[in-house]
Enquirer: 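I am attaching a structure below and will ask some questions about it afterwards.
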Amino acid sequence: MNGSRARDAGQPLLLGVRHHGPGSAKAVRAALEASRPRVVLIEGPPEADPLVPLAAAEDMRPPVALLAHAVDEPGRSAFWPLAGFSPEWVALRWALEHGVPARFIDLPAAHTLAWERDEKDGGGEDTDGGEKDGEDGGMDAGAEQDALDEDVRVDPLGVLADTAGYDDAERWWEDVVEHRGAGKGDALAPFTALEEAMTALRETYGSGGHGRDLIREAHMRLRIRDAQREFEDGVAVVCGAWHVPALRRRTGVTADRALLKGLPKVKTDVTWVPWTHRRLSRAGGYGAGIDSPGWYAHLFAAPDRPVERWLTKVAGLLRAEDRTVSPGHVIEAVRLAETLAALRGRPLPGLGEATDAVRAVMCEGSDVPLALVHDRLVVGDVLGEVPHTVPAVPLQRDLERTQRRLRLRPEAAERELDLDLREETGAERSRLLHRLRLLGIDWGRPAAARSGTGTFRETWRLRWEPELAVRTAEAGVWGTTVLAAATAKAEADAVAARGLADVTALAEHCLLAALPDALPVVMRVLADRAALDTDVAHLAQALPALVRSLRYGDVRGTGTAALAEVAAGLAERVFVGLPPACAGLDADAAEEMRGHVDAVHGALSLLGDVPAAPDGRLRARWRAVLRTLSARDTVPGVLRGRAVRLLLDEGELAQAEAARFMGLALSPGTPPADAAAWIEGFVGGSGGGLLLVHDERLFGLVDRWLTAVPTEAFTDVLPLLRRTFSAYESGVRRTLGELVRRGPGRRDRTDTAAAGAPGFGPGVDEARADAVLPVLRLLLGPDCDEGTRGERVEVRR
């Protein structure tokens, strides 16, 4: 076979490519320039033909993707991604620039999506509907596993690479295609050679386990025949190289139509959506067949000296991250990459050689900065753009208008957004993000605020993923605007919620998202569920979300009187039901109940900040409940100890009385396991270790009990004690160890009085005290000199 075969009169020009291959893209452009076809046929869904002119729009910037979804089930969808270096995109743009018709000829998406639906209903392998790039580089949209598939699936590039003596198909493709140049000599020669190789593979392996390809290829042959009747010998076809032998083979029209007869079909909509380089990489969880889209984009765009230009980019990135990288580093890295390529027998340095050179020369052998290079450059965060005139559901249009108004631009790179809810713009942005989360469009995720935990601030992590376009289309069934859709979704979720905690969480979301029309429905469901639910654990789980809702409503200016009444009623029911619910619990149930007790205590502490809540009465009732729990023998030790600790923290229990409770719990008559559980409840969690450090009586009680535990029981209580004390900070554990070494009650009373706390040295260090005075003068100003003596006394104290 030679280059003339592809140019025989009456034969279509078949350009076999690898999807997302910059070398293939350059070769396609050169072949089209040389042959000047009258029509360009491209592997892709024919439903997208009306969208072809939009590819020439000024505001269309790849990477983009064709999105097809079922009209009645928007979540059932498929993507056909196209990067700037994709051969199909290059062919599409060449046709538009030269006034040549461009058409898609793959199996319609209506059949692909119906196939997926039938496979799911039939118990077959359920796929995500995303585009799956075949090893040949063609765009195989939809599920690749099919009843027609054979047991063994062939990787064409892997077979060719193995035949050539390569252990890496990516490296083989780079050497024989990407690094060989395009447009030099016979523009069709690369396609002729690749067709020969694929023909040999198809003769050996048949469909290679890709059984559905037989049906797709039958459809493509029919479309090629239609184009030949219309344009005679001016037909060029850009498709995966794996399909070329099948498209070249002469088959009967009747046989091809027979393969397509009876295929399932659904009504489908198609549009353009933005895509990202990260979603083109396997590292991003998307099997597009390339590991390094950023590198491939560089190879396609670089006019010359690609390695030198790439290493210059790397140096710029590292310098921006405050790493010392000079022009000399770039020169040495280029030399090293070229030397490595020569040693490895490669025609040009590839990404592997460039990466090794960067690691050795610019990163000093460290993989830490190299990971940054891989993330920012090798993969990259490039996000494409599509024109505003592309077809979209009304919800998508409303979201885009809101994004522009609030100046929230979708970006592929993750970024943090700090919002001040006292500002109108910050509050509106917060409401939008919360509404989108309620609709399942997780553009933003809440993060811990760096500036504090106040309710006037929120921190979000934003990252726009291409799949969010599908989520938006799917959410379009709830309404035509974000507000209307979120309201309808919240009402439906409230009715369908299974547990009381789910409804209270939904009420919190409604306040965060400012959905006043949905709140009455949610509150009605909440009141009904709260009245019928008798499980104290469910009530305790629901109360914290209600209290948070009260606080958010206060910050955002939302009416929360109804919520305050429900929260107060819920708290009263918890108070009544908690003591009997805590009796007779096993260890696991007691530990779970301790979490509920902590949650209720924290919620009631917050409730005191809300003017609408009857805080005084509720807080007094709660303290009475804690006293009941602390003194009831039928309550597990971990709950009794926790109740004593909470009362002590609230100032409702003197330390002497807390010591009495501990003495009773650690008395010789108490089983060691119960005593250990009491200790865990009392000193476990935040601040428990400091109690033992600063209260020698409590520490002495624990020490004496622990040393008196019988040997046969010690192994039973040890895991519980280790879990309790291992949660303390290292400084607290170190101080406790020092106290144990010295023994409680053995400290010098004068030293203790002078130091004020264990761990301090004896007496006052006057030199260190005097060293603080200049700082105090600087802080307090020049008028403080007269009080220097008093300052010295205070510092020494």
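Please read these numbers as outputs of a predicted model, since none were measured by experiment.
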Enquirer: Any chance you could measure Arg461, atom CZ, to Glu416, atom CD, to the nearest 0.5 Å?
Expert: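 Going from the CZ atom of Arg461 to the CD atom of Glu416 covers 4.5 Å.
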Enquirer: If I take atom CG from residue Leu433 and atom CG from residue Leu408, how far apart are they, to the nearest 0.5 angstrom?
Expert: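 It comes to 6.5 Å.
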Enquirer: Measure the spacing between CZ of Arg437 and CG of Leu432 and express it to the nearest 0.5 Å.
Expert: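 The CZ atom of Arg437 sits 13.0 Å away from the CG atom of Leu432.
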Enquirer: Residues in salt bridge (Lys or Arg N to Asp or Glu O under 4.0 Å) with Glu47, at least two apart?
Expert: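 With neighbours one apart ignored, the set is empty.
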Enquirer: Indicate yes or no: does Arg278 engage Asp381 in a salt bridge with an N to O separation below 4.0 Å.
Expert: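 Here Arg278 pairs with Asp381 in a salt bridge, since their nearest N and O are under 4.0 Å apart.
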Enquirer: Side chains of His20 and Glu88: is there a donor and an acceptor less than 3.5 Å apart?
Expert: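 Per modelled atom types, His20 and Glu88 side chains form no pair under 3.5 Å.
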Enquirer: Do Val382 and Pro63 touch side chain to side chain, with heavy atoms closer than 4.5 Å?
Expert: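 Yes. Closest side-chain heavy atoms under 4.5 Å.
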Enquirer: Side chains of Leu483 and Leu515: closer than 4.5 Å at any heavy-atom pair?
Expert: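 Yes, their side chains come closer than 4.5 Å.
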Enquirer: Please work out which of the three classes, parallel, tilted or perpendicular, describes the rings of Trp460 and His434, given edges at 30° and 60°.
Expert: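 Aromatic pair His434/Trp460 classed perpendicular.
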Enquirer: Check Glu424 with Arg431, please: is the shortest side-chain N to carboxylate O separation under 4.0 Å?
Expert: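 The answer is yes: the pair qualifies as a salt bridge.
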Enquirer: Restricting to salt bridge (Lys or Arg N to Asp or Glu O under 4.0 Å), what partner residues turn up for Arg221, sequence neighbours left out?
Expert: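 Counting only residues at least two positions away or on another chain, Arg221 forms a salt bridge (Lys or Arg N to Asp or Glu O under 4.0 Å) with Asp256.
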Enquirer: If I take atom CG from residue Leu436 and atom CG from residue Asp442, how far apart are they, to the nearest 0.5 angstrom?
Expert: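 Atom-to-atom, Leu436:CG and Asp442:CG are 9.0 Å apart.
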Enquirer: Name all residues meeting the side-chain contact (heavy atoms from CB on, under 4.5 Å) criterion together with Ala65; count only those two or more places apart in sequence or in a different chain, and write none if there are none.
Expert: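 Ala65 satisfies side-chain contact (heavy atoms from CB on, under 4.5 Å) with Phe79, Pro81, Val273, Trp275 once adjacent residues are dropped.
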Enquirer: Mind checking side-chain contact (heavy atoms from CB on, under 4.5 Å) for Ala91 and listing every partner two or more places apart, or none if nothing turns up?
Expert: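 Checked Ala91 against side-chain contact (heavy atoms from CB on, under 4.5 Å); matches are Val28, Leu32, Val40, Ile42, Val238.
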Enquirer: By side-chain contact (heavy atoms from CB on, under 4.5 Å), which residues pair with Glu423, not counting sequence neighbours?
Expert: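 Glu423 satisfies side-chain contact (heavy atoms from CB on, under 4.5 Å) with Asp420 once adjacent residues are dropped.
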Enquirer: Before giving the answer on salt bridge (charged side-chain N to carboxylate O under 4.0 Å, His left out), spell out for Glu414 and Arg445 the whole-Å C-alpha distance, their side-chain angles and the decisive distance to 0.1 Å.
Expert: CA-CA 11 Å; Glu414 183 175 276; Arg445 297 181 181 275; over 6 Å; no
Enquirer: For residues 481-491, pull every pair meeting salt bridge (charged side-chain N to carboxylate O under 4.0 Å, His left out), keeping only residues two or more places apart or in separate chains.
Expert: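 Found Lys489-Asp493.
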Enquirer: Taking everything shown except Arg405 itself, do over 12 heavy atoms lie less than 6.0 Å from its CZ?
Expert: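 Result for CZ/Arg405: enclosed.
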Enquirer: Tabulate below the donor-acceptor pairs under 3.5 Å that side-chain atoms of residues 298-308 make, not counting sequence neighbours, or state none.
Expert:
unit_1: His298; atom_1: ND1; unit_2: Lys313; atom_2: NZ; d: 3.3
unit_1: His298; atom_1: NE2; unit_2: Pro306; atom_2: O; d: 2.7
unit_1: His298; atom_1: NE2; unit_2: Trp310; atom_2: N; d: 3.4
unit_1: Asp304; atom_1: OD1; unit_2: Arg309; atom_2: NE; d: 3.0
unit_1: Asp304; atom_1: OD1; unit_2: Arg309; atom_2: NH2; d: 2.6
unit_1: Arg305; atom_1: NH2; unit_2: Glu308; atom_2: OE2; d: 3.3

Enquirer: Excluding sequence neighbours, so at least two apart, what forms salt bridge (Lys or Arg N to Asp or Glu O under 4.0 Å) with Glu58?
Expert: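 With sequence neighbours excluded, Glu58 shows a salt bridge (Lys or Arg N to Asp or Glu O under 4.0 Å) to no residue whatsoever.
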Enquirer: Distance only, no hydrogens: is a donor on one side chain within 3.5 Å (strictly under) of an acceptor on the other, for Thr487 and Asp517?
Expert: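 On atom types as modelled, these side chains do not qualify, holding no pair under 3.5 Å.
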Enquirer: Taking the side chain as everything from C-beta on, heavy atoms only, tell me whether Leu417 gets closer than 4.5 Å to Thr459.
Expert: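 Of all side-chain heavy-atom pairs linking Thr459 with Leu417, none is under 4.5 Å.
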Enquirer: Taking salt bridge (Lys or Arg N to Asp or Glu O under 4.0 Å) as the definition, give me every residue that meets it alongside Arg38, ordered by chain and number, with sequence neighbours left out.
Expert: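 Counting only residues at least two positions away or on another chain, Arg38 forms no salt bridge (Lys or Arg N to Asp or Glu O under 4.0 Å).
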Enquirer: Any chance you could measure Met220, atom CE, to Leu14, atom CG, to the nearest 0.5 Å?
Expert: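 It is 10.5 Å, given to the nearest 0.5 Å.
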Enquirer: What residue among Leu96, Val39, Asp49, Val52 forms side chain to side chain contact (heavy atoms under 4.5 Å, CB included) with Pro101?
Expert: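 The single option meeting the side chain to side chain contact (heavy atoms under 4.5 Å, CB included) with Pro101 is Val39.
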Enquirer: Rounded at 0.5 Å granularity, tell me how far CZ in Arg435 sits from OG in Ser430.
Expert: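 Answer for the CZ-OG pair, Arg435 versus Ser430, is 9.5 Å.
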Enquirer: Identify, with sequence neighbours excluded, every residue that meets side-chain contact (heavy atoms from CB on, under 4.5 Å) alongside Gln403.
Expert: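 Testing Gln403 for side-chain contact (heavy atoms from CB on, under 4.5 Å), a comparison that skips the adjacent residues, returns Leu399, Glu400, Pro410, Trp443, Trp464.
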Enquirer: Side-chain contact test, heavy atoms from C-beta onward, threshold under 4.5 Å: evaluate it for Glu33 versus Trp94 and give yes or no.
Expert: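 Side-chain contact under 4.5 Å: yes.
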Enquirer: Please list every donor-acceptor pair under 3.5 Å in which a side-chain atom of residues 385-395 meets a protein atom from a residue at least two apart or in another chain.
Expert:
unit_1: Glu385; atom_1: OE1; unit_2: Arg61; atom_2: NH1; d: 2.9
unit_1: Glu385; atom_1: OE2; unit_2: Arg409; atom_2: NH2; d: 2.5

Enquirer: If the threshold is 4.0 Å, N to carboxylate O, is there a salt bridge linking Asp106 and Arg216?
Expert: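 Looking at Asp106 and Arg216, the cut-off is met.
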Enquirer: Check this for me, if you would: do Arg415 and Glu411 make a salt bridge, where the nitrogen-to-carboxylate-oxygen distance has to be below 4.0 angstrom?
Expert: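 Glu411 and Arg415: salt-bridged.
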Enquirer: Would Arg429 and Glu458 count as a salt bridge (charged side-chain N to carboxylate O under 4.0 Å, His left out) if you check the C-alpha gap in whole Å, the side-chain angles of each, and the deciding distance to 0.1 Å?
Expert: CA-CA 10 Å; Arg429 288 177 171 180; Glu458 280 184 352; over 6 Å; no
Enquirer: Around atom CG of Asp72, are there more than 12 heavy atoms from other residues, nucleotides or ligands closer than 6.0 Å?
Expert: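 Counting other residues, nucleotides and ligands, CG of Asp72 stays at 12 neighbours or fewer.
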Enquirer: Under the side-chain hydrogen bond (donor to acceptor under 3.5 Å, both in side chains) test, which residues partner Arg223, sequence neighbours left out?
Expert: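 Testing Arg223 for side-chain hydrogen bond (donor to acceptor under 3.5 Å, both in side chains), a comparison that skips the adjacent residues, returns His219, Asp226.
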